[in-house]
There are 2 protein chains.
Amino acid sequence: MRDGGSITIKEVAQLAGVSIATVSRVLNHHASVTADTEQRVREAMLELGYNRNEVARSLKIRHTRTIGIIAPELSNTFFMEVVETMDCILTPHGYTMIICSSNDSVQEEQRKLQVLIERNVDALVVIPASDEGGHFLTKALSGIPVVLVDRKIPALHVDTVLTDNRYGVRQLVAGLVHEGFSRIGFIGGDMHIPTANERFHGFLEAMDDHKLKPEKEFVLMDGAMNQYSGRALMEEALSRPNHPDAFLFANDSLHLGATTYVTECVSPEVRSKLVFASFDYLHYAPLLRFCHYAAAQPMEKIGKAVAALVLKRLEQDWSGYPEEVVLRPEIKVMSANGGIPFMIVRAETPVQ
Amino acid sequence: MRDGGSITIKEVAQLAGVSIATVSRVLNHHASVTADTEQRVREAMLELGYNRNEVARSLKIRHTRTIGIIAPELSNTFFMEVVETMDCILTPHGYTMIICSSNDSVQEEQRKLQVLIERNVDALVVIPASDEGGHFLTKALSGIPVVLVDRKIPALHVDTVLTDNRYGVRQLVAGLVHEGFSRIGFIGGDMHIPTANERFHGFLEAMDDHKLKPEKEFVLMDGAMNQYSGRALMEEALSRPNHPDAFLFANDSLHLGATTYVTECVSPEVRSKLVFASFDYLHYAPLLRFCHYAAAQPMEKIGKAVAALVLKRLEQDWSGYPEEVVLRPEIKVMSANGGIPFMIVRAETPVQ
DNA sequence: GTGAAAGCGCTAACAG
DNA sequence: CTGTTAGCGCTTTCAC
């Protein structure tokens with residue numbers, strides 16, 4: 001906003017020879033304006049290059065038509081794909097998104113939350129950095145829609161849309177077992193990230209279903225769920241004697257890191273026996289050559305569900321609050337890598 | 001902004017037993033407030049859970065501490081990595097970013113520009129959807145910093161930060177030639193995308209440098225520069241008789257699509273002879289198994305340069321305007337795939 | 001050091 | 001159908 005430069009309704013009114021109220025009326029499509037007057041006003045606006053000042057308007061009407069988004073990372077394809085879908089739906093409704101990164105830190109998440117509150121966002125969508133979400137309990141948020149995505153915060157009773165992690169992991173294990181594997185390694189992440197936690201427990205349950213025992217030395221997890229830890233954990237697993245050939249990864253980054261490590265550093269003899277399964281299926285998934293089964297998160301469905309929920313609450317429809325939408329991942333069988341189609345196991349988790 | 005719910009300085013003033021002017025003073029760290037008064041005000045703010053209303057503030061001070069960003073896609077790692085770096089620098093300076101997607105369409109770009117103008121962004125950063133940028137010439141933008149990233153718009157004389165595309169492509173060609181290839185196919189994209197254009201012309205120049213002739217049937221380009229076109233174009237190239245073994249790709253998506261196609265559909269005999277070089281080097285680059293050389297765009301450097309430029313202009317330092325920062329990509333030799341280190345060819349393009 | 005008051009650009013009664 | 005006017009919450013002279 002450069003000083004003094006911008007045109008206001010006052011100047012438009014003057015040029016059109018009407019009052020500012022009339023200008024405001026044509027701006028807001030109030031019916032009660034003569035076609036002729038409207039014409040004059042429109043011409044004046046065009047001639048002056050008028051642009052409505054949304055911040056003045058927001059101050060007056062007491063909302064901003066802005067949705068705040070907080071995600072742990074901007075450079076994460078999964079998150080941004082979801083956000084992109086939301087954008088496609090929200091934009092036609094006149095909403096603009098302020099997207100913030102929490103940089104995977106609760107502290108930064110708190111700071112960004114503060115910023116968004118001060119900017120009077122009409123609604124808030126957050127992919128939490130962890131299961132610690134006390135800062136969302138502030139009364140500054142009371143009355144404004146908040147929807148949690150991908151990761152649940154137990155203490156927060158708000159609308160939530162999630163992927164069915166347990167279902168996904170069970171299917172992946174089922175695929176591996178169907179191929180004949182009875183020993184399966186697990187490579188996961190921080191138990192404070194709800195998704196990591198659920199995927200791990202889903203793994204334990206699935207193994208139990210098949211009367212299989214997880215082996216402690218081959219259930220590896222550390223704080224991060226990134227490429228580097230995937231690499232390191234894979235190296236650690238393969239360095240141990242008598243390691244399994246089948247591994248399950250809790251997300252795409254771990255999987256990617258592990259695949260890179262194996263491709264670059266592991267002998268063809270052991271490499272050729274390796275079989276992977278993993279959560280996530282992103283655009284580069286076809287290159288993950290050891291992968292037989294993947295649980296593709298329905299990013300578009302998630303985005304649509306979130307947008308619908310936000311819009312619904314924004315219209316003051318609070319029916320069913322708080323809603324929990326659980327979406328199933330799609331199980332991909334990567335036959336090009338040797339995956340074998342198998343019967344999807346009976347679901348014990350909610351449908352859709 | 002839920003109606004009536006929020007606390008204003010008025011209420012804080014009342015509770016603290018001072019005037020709203022005083023509250024405003026402590027909010028803005030004006031020295032001329034007694035420690036004692038400040039204490040009382042701070043306590044009142046805490047007790048009431050006061051949050052400053054940035055929109056009211058913006059209206060008064062005539063700027064929003066908001067930077068508008070327009071990118072062609074949100075789910076593009078390259079763009080978002082740049083934005084993420086900017087965020088890290090801009091946030092500590094008190095700026096917030098509104099990130100918009102133009103969905104690769106000039107029309108949508110225009111619409112988002114309008115939104116950002118109406119929201120009074122203090123500065124604008126845009127990764128253009130094409131070389132058509134007439135809409136940025138509007139006088140509503142006069143006086144506010146605009147910086148173009150990655151793609152230049154000839155008609156727009158504003159600060160710009162670019163990757164040295166010609167340099168990158170020349171190096172890639174040099175690597176391939178050094179390995180002994182004299183026939184090199186080129187797979188690129190729409191000439192209206194400035195990067196695609198430059199990379200193509202860089203290819204022609206580089207071939208010329210080495211006294212090599214590009215072969216029309218193996219210089220393939222179509223509108224999109226995505227995975228699907230990469231796949232299709234690769235298929236087309238390989239279906240022609242007597243195709244070259246070396247191929248250069250104008251970006252990562254084309255490269256990824258082609259690699260997928262080759263991996264899945266091409267016989268081991270021809271596959272084993274294929275050697276790729278490509279612009280871009282993203283996190284999954286190690287999986288691109290036919291790639292010997294890649295030009296890694298310096299995403300962090302780009303982000304830093306953009307942020308610095310924005311900050312400089314925001315401080316009303318218009319020296320050197322319009323600046324054009326050209327950053328060199330880093331040439332990666334992927335020895336794990338068979339790449340051979342080679343002498344970087346003499347640069348004829350600006351350094352740094 | 002602190003308060004009173006004007007006004008940023010816009011919307012929405014309320015009159016006419 | 002149109003104009004006048006009173007704020008939205010905040011900052012900022014200008015007095016005291």
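Chain A is the first sequence line, chain B the second, and so forth, proteins listed ahead of strands; every chain is numbered from 1. Everything numeric here is computed off the predicted structure, so don't read it as measured data.
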Within the structure shown, what part of the strands sits under 4.0 Å from B:Ser32 by heavy-atom distance: base, sugar-phosphate, or nothing? base
Check the surroundings of atom NZ in B:Lys304: do more than 12 heavy atoms from other residues, nucleotides or ligands lie under 6.0 Å from it? no
Between A:Arg111 and A:Glu108, is there a salt bridge with N-O shorter than 4.0 Å? yes
Measure CZ/B:Arg62 against P/D:dC10 and give the value in whole Å, please. 18 Å
Phosphate-side-chain proximity, A:Thr37 and D:dT2, N/O vs OP1/OP2 below 4.0 Å: yes
Does A:Gln107, at its CD atom, have more than 12 non-hydrogen atoms belonging to other residues, nucleotides or ligands within less than 6.0 Å? no
A:Met86 side chain near A:Val125 side chain, heavy-atom distance below 4.5 Å: yes
Does D:dG3 have OP1 or OP2 under 4.0 Å away from a side-chain N or O of A:Ser19? yes
Roughly, in whole Å, what's the span from CZ in B:Arg65 to P in D:dC10? 14 Å
Just by distance, with hydrogens left out, do B:Arg119 and A:Thr66 show a side-chain donor and acceptor under 3.5 Å apart? yes
B:Asn53 has an atom CG; how far is it from atom P of D:dG7, in whole Å? 18 Å
Distance check, rounded to the nearest 0.5 Å: A:Gln114 atom CD versus B:Arg52 atom CZ? 10.5 Å
Starting at CG of B:Asn120 and ending at P of C:dG9, how long is that distance when rounded to a whole Å? 10 Å
Whole angstrom value for the distance that separates P of D:dG9 from NE2 of A:His63: 14 Å
Using a 4.0 Å heavy-atom cut-off to protein, can you give one letter per nucleotide of nucleotides 11-16 of chain D, 5' to 3': B if the base is in contact, S if only the sugar-phosphate is, - if neither? BBB---
Looking at B:Thr34, does any N or O in its side chain come under 4.0 Å of the phosphate oxygens OP1/OP2 on C:dT2? yes
In whole Å, I'd like the distance from the CD atom of B:Gln14 to the P atom of D:dC10. 14 Å
Would you kindly give the CG-to-C1' distance between B:Asn51 and D:dC10, to the nearest whole Å? 15 Å
So does B:Glu118 pair up with A:Arg57, basic N to acidic O under 4.0 Å? no
Output the rounded distance in Å from CD (B:Glu11) to P (D:dC8). 11 Å
